[in-house]
Undergrad: 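Please find one structure pasted underneath; my questions will follow.
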Amino acid sequence: MKKLMSVLLVLSMLVMGAAMAESGTLTMATNAAFPPYEFYDDETGEVTGIDVEIAQAICDKLGYELEVVDADFDSLVPGVQSGKYDFSMAGMTVTEDRLQSVNFSDTYATGVQVVIVPEDSAITSVDDLFAEGADNAVGVQQGTTGDIYATGDIEEAGLGSVERFKTGTDAVLALTTGKIDCVIIDNEPAKNFVAANEGLKILETEYIVEEYAACFAKENTELLEAFNGALAELTEDGTIPAIIEKYIPSEEAAAE
Ligand code: ARG
């Protein structure tokens, strides 16, 4: 009897071990055309950036392998909700609407919606977009908060049209070729796009300030709590500030 018990014990340990190994990888979904949060590294061909490095540091701490999947931005929340992905980090803004479908972690960064225009644009401030009689073709990345705001404030207000692109990169391309009048997008990607393309600038006035967080399926509260715990520790010990500083050098460091 004793022998049988120990055989059973060993067997159950083996089974548990296998299950743990299986759950040892977390799949993070993102949309990798959003530098410096997520983009393809030219040299390695891999997706990298602030979100990927933070996720990696959290997975290291919690003992998981990290797998990064590049998908359409508007498929991220549904994919997390259905359990296709364990979580998503994509410079994703916490919104009331998304909170109906998923849970968000504590926030780890602030984003600002800004407006990119050609250098010689007649649009000189964000308010110009909402002025009486305005009629601009506004580019956004489909399903982003930029899309949601522009749809309400501009399209539905009869102040112009909203052109929706698969990526921010595509929207900026349409702007450089004169197909649209401006692009509404998050400030850090905006700076990257303006640096990479001649003849563009960012309007000084801000559209709206937001908070970024990772999202999880509603029922996956255990992973969410573990994630938040690791996020807090890695913020406290300076790991996360260092990752952000690496991609977004503070003014002082940049001036040196
Ligand atoms: N912050 C905006 C939002 O949540 C845009 C995020 C776009 N992210 C990306 N990886 N393409 O809607």
Side-chain angles (χ1 to χ4, degrees), residues 27-41 46-56 66-81 84-116 126 138-155 162-175 182-197 202 206-216 243-244 247-248:
T27 306
M28 160 182 149
T30 194
N31 173 253
F34 200 70
Y37 290 94
E38 42 268 334
F39 56 97
Y40 283 89
D41 183 318
E46 306 258 321
V47 178
T48 186
I50 295 174
D51 287 338
V52 180
E53 288 206 27
I54 292 179
Q56 186 64 61
L66 174 68
E67 188 195 346
V68 178
V69 176
D70 184 15
D72 287 346
F73 186 77
D74 54 7
S75 75
L76 302 179
V77 167
V80 166
Q81 189 181 17
K84 186 171 178 194
Y85 312 120
D86 293 306
F87 68 107
S88 171
M89 282 180 86
M92 192 184 286
T93 305
V94 181
T95 69
E96 283 304 318
D97 208 38
R98 290 173 186 160
L99 276 166
Q100 306 290 315
S101 320
V102 289
N103 283 337
F104 278 98
S105 70
D106 294 332
T107 67
Y108 59 90
T110 300
V112 185
Q113 294 298 313
V114 296
V115 183
I116 310 179
V126 173
V138 178
V140 295
Q141 179 181 14
Q142 174 141 344
T144 58
T145 49
D147 180 2
I148 296 159
Y149 302 136
T151 302
D153 295 349
I154 296 167
E155 197 170 65
V162 176
E163 305 277 332
R164 299 171 183 85
F165 298 86
K166 261 217 145 83
T167 63
T169 318
D170 291 345
V172 171
L173 184 67
L175 182 62
C182 66
V183 169
I184 299 176
I185 196 161
D186 306 49
N187 57 333
E188 290 302 331
K191 283 187 213 161
N192 274 263
F193 291 134
V194 167
N197 291 279
I202 299 171
E206 297 173 342
Y207 192 167
I208 203 157
V209 179
E210 311 178 315
E211 298 288 345
Y212 292 166
C215 71
F216 295 81
I243 292 171
I244 296 176
Y247 289 95
I248 310 173

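For clarity, every value in this text was computed on a predicted model and none was experimentally measured. Start at 1 and go down the list; that is how both ligands and their atoms are numbered.
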Undergrad: Pair Thr151, Arg164 - check side chain to side chain donor-acceptor pair (under 3.5 Å), show working.
TA: CA-CA 10 Å; Thr151 302; Arg164 299 171 183 85; 3.0 Å; yes
Undergrad: Using the rule given for ring pair (Phe, Tyr, Trp, His ring centres under 6.0 Å), can you reason through Tyr212 versus Tyr37, listing the C-alpha separation, both sets of side-chain angles and the distance that settles it, and then say yes or no?
TA: CA-CA 11 Å; Tyr212 292 166; Tyr37 290 94; 5.1 Å; yes
Undergrad: Tell me which residues fall inside the under-4.0 Å heavy-atom shell around ligand 1.
TA: Asn31, Phe34, Glu38, Phe73, Ala90, Gly91, Met92, Thr93, Arg98, Gln141, Thr144, Thr145, Asp186, Glu210, Tyr212
Undergrad: Using modelled atom types only, decide if a donor and an acceptor are shared between the side chain of Thr107 and the backbone of Ala213 within a distance under 3.5 Å.
TA: no
Undergrad: Within the side chain of Asp41, is there an N or O that forms a donor-acceptor pair under 3.5 Å with the backbone of Thr48?
TA: no
Undergrad: Which residue in the set Asp147, Asn31, Thr167 passes side-chain hydrogen bond (donor to acceptor under 3.5 Å, both in side chains) when paired with Gln141?
TA: Asn31
Undergrad: Nearest 0.5 Å, what's the OH-CD distance between Tyr108 and Glu211?
TA: 11.0 Å
